[in-house]
Amino acid sequence: MASSSSCSIDVSKATYVALSGASQGIGRAIAVEVSKALGPNSVMLLLARNKEELAKTASACESKNVKVVCTPIDLSMATEKELFDVIDASLKGYDITDFNKCLIFHNVGSLGNLAVETGKMDNVQELRQYFDLNVFKVISLNTQFLKIFEEVESRVVIVNITSLCAIKPMGGMAYYCSGKAAREMYFKVLAEEKKHIKVLNYSPGPVETAMIDYVLAQAVNDNLKEVFASFKSQGTLLKPEATAKKCLRVLLAGKFSPGEHVDYFDDEL
Ligand SMILES: NC(=O)c1ccc[n+]([C@@H]2O[C@H](COP(=O)([O-])OP(=O)(O)OC[C@H]3O[C@@H](n4cnc5c(N)ncnc54)[C@H](OP(=O)(O)O)[C@@H]3O)[C@@H](O)[C@H]2O)c1
């Protein structure tokens, strides 16, 4: 991990937090972990499709310090206006200057088609849908967030939940690797342009979530199946809570360079 730009991020005062993919897995664990650190008059906006599971995350996050707004939304379909309105509505009764820090976690993610060989990816419609959710709508949500918080941009903190697959090819995962690489590079370019905004690309390691079961059920690539089956059989998968804690430690310590890719297994400084 780079040791440059080392100012810590203080969320112990009023803080605004938006988090996508909050209904389960890593997103839920990060939401719960971040909620514990927030100061009085903080607001959290939780996004995902599953209303019931979102409500469970919300009740785990709510406290005397934290008001939680849950908005069930299909992020793959949402228009720019809908994304703007969802953030805007969560700020009803607040002024953006009320918040000492304004955080967004781009955690939403899917694996794509694991049943097609990389040399035979001829379904452009399916590829578009994959990139819509995992890249284009992430960029769009981020753009609406920056628009809303423009006046206090130096208080903005952005976390992209990335993957080792963004920087290392994994056979059988061309949708996922190319989507994660494109998404991570977008946040790196943004960080390059806006040095006053803290941008972290956090890679959570292999984590025990629905994604792992999806790989085991859908993958056609033998090596991919073997890797994930051995993660499971050897008990090496991380718990969502463990990687969420590390994500928060790295983030709040602030010891990462603009847009840096920090992995769960990297040493902490
Ligand atoms: N698990 C791992 O080992 C691992 C490793 C590296 C990186 N990651 C990354 O970590 C992030 C979270 O992964 P996870 O393992 O926790 O996956 P997960 O359990 O499958 O959770 C994915 C989340 O995204 C939401 N989501 C999916 N499609 C959506 C849509 N169309 N609109 C709105 N929300 C949608 C899901 O909620 P709904 O279904 O309710 O919409 C869910 O909350 C992803 O970006 C993933 O790439 C995971």
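Ligands are counted one by one from 1 in listed order, and the atoms in each one are counted from 1 as well. Basis for what follows: all heavy atoms, side chains included, without hydrogens, waters or symmetry-related copies.
Atom 35 (C) of ligand 1 has as its closest protein heavy atom Val108 CG2, 3.5 Å. The protein heavy-atom contact nearest to atom 5 (C) of ligand 1 is Gly205 O, 3.1 Å. With respect to atom 33 (C) of ligand 1, the closest heavy atom belonging to the protein is Ile73 O, 3.3 Å. In this structure, the protein non-hydrogen atom closest to atom 17 (O) of ligand 1 is Met211 CG, 3.6 Å. Taking atom 6 (C) of ligand 1 as the reference point, the nearest protein heavy-atom neighbour is Pro204 CG, 3.5 Å.
The cationic group of Lys180 does not satisfy the cation-pi geometry with Tyr175, failing either the under 6.0 Å distance to the six-membered ring centre or the 45° limit from the ring axis.
Within the 4.0 Å heavy-atom criterion, neither part of Glu208 lies near ligand 1. Contacts between Tyr214 and ligand 1, counted as non-hydrogen atom pairs separated by less than 4.0 Å, are absent for every part of the residue. Counting heavy atoms under 4.0 Å from ligand 1, residue Cys165 does not touch it at all.
Remark: the Ser90 side chain and the Tyr16 side chain contain an N/O donor-acceptor pair separated by less than 3.5 Å. Side-chain contact annotation: Ser63 with Asn65, donor-acceptor N/O pair under 3.5 Å absent. Residues Glu260 and Ser257 have side chains that bring a donor and an acceptor to within less than 3.5 angstrom of each other. With hydrogens and angles left out, the side-chain atoms of Glu184 and Asn160 include no donor and acceptor closer than 3.5 Å. A donor-acceptor pair shorter than 3.5 Å can be found between the side chains of Asn134 and Ser110. In this structure, a donor-acceptor pair under 3.5 Å is present between the side chains of Thr243 and Tyr202. At a cut-off of 3.5 Å, with distance as the only test, no side-chain donor of Thr162 or Asn201 sits close to an acceptor on the other residue.
Close contacts between ligand 1 and Asp74 involve ligand atoms 30 (C), 31 (N), 32 (N) [criterion: under 4.0 Å to a heavy atom]. Near Tyr176, meaning under 4.0 Å from any of its heavy atoms, are these atoms of ligand 1: 6 (C), 7 (C), 8 (N), 9 (C), 46 (C), 47 (O). When each atom of ligand 1 is checked for a heavy atom of Gly109 under 4.0 Å away, the hits are 22 (C), 24 (O), 44 (C), 45 (O). Shown in contact with Ser23 at under 4.0 Å from a heavy atom are these atoms of ligand 1, numbered in order with element: 36 (C), 37 (O), 38 (P), 40 (O), 42 (C), 43 (O). Per-residue contacts place Gln24 under 4.0 angstrom from the following atoms of ligand 1 (heavy atoms of the residue considered): 18 (P), 19 (O), 20 (O), 21 (O), 42 (C), 43 (O). Every atom of ligand 1 with a heavy atom of Ala22 under 4.0 Å away is listed here by number and element: 43 (O). Taking every heavy atom of Ile212 and a limit of under 4.0 angstrom, the matching atoms of ligand 1 come to 3 (O). Ligand-side atoms of ligand 1 in range of Lys180: 44 (C), 45 (O), 46 (C), 47 (O), range being under 4.0 angstrom from any heavy atom.
Taking distance alone, with nitrogen or oxygen atoms compared against 3.5 Å, Gly25 stays at or beyond that limit from ligand 1. On a distance-only criterion, Pro206 and ligand 1 share no N/O pair closer than 3.5 Å. Considering backbone and side-chain N/O of Arg49, one or more are found under 3.5 Å from N/O of ligand 1. Close N/O approach between Leu75 and ligand 1 is found [any backbone or side-chain N/O within under 3.5 Å]. Residue-to-ligand polar distances place Gly21 within reach of ligand 1: an N/O pair is separated by less than 3.5 Å.
Ring pair Phe145/Phe149 is tilted by interplanar angle, where 30° to 60° counts as tilted.
Between atom 11 (C) of ligand 1 and the options Ile26, Asn107, Leu111, the minimum heavy-atom separation is to Asn107. Selection from Thr162, Ile161, Thr243 by nearest heavy atom to atom 7 (C) of ligand 1 gives Thr162. Atom 15 (O) of ligand 1 has its nearest heavy-atom neighbour, among Leu47, Val207, Leu46, Thr209, in Thr209.
By the 6.0 Å contact criterion, NZ on Lys239 is open, its count of non-hydrogen atoms from other residues, nucleotides or ligands being 12 or less.
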**OP:** Walk me through it: do Glu53 and Arg28 pass the test salt bridge (Lys or Arg N to Asp or Glu O under 4.0 Å)?
**Re:** CA-CA 9 Å; Glu53 295 303 318; Arg28 172 177 282 164; 3.0 Å; yes
Subject >> Step-by-step salt bridge (Lys or Arg N to Asp or Glu O under 4.0 Å) determination, Asp85 to Lys81 >> reply: CA-CA 6 Å; Asp85 289 348; Lys81 182 172 182 329; 2.6 Å; yes
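Side-chain contact between Pro72 and Arg49 is absent, with no heavy atoms from C-beta onward closer than 4.5 Å.
The only option from Val43, Val17, Leu38 that meets the side chain to side chain contact (heavy atoms under 4.5 Å, CB included) definition with Val66 turns out to be Leu38.
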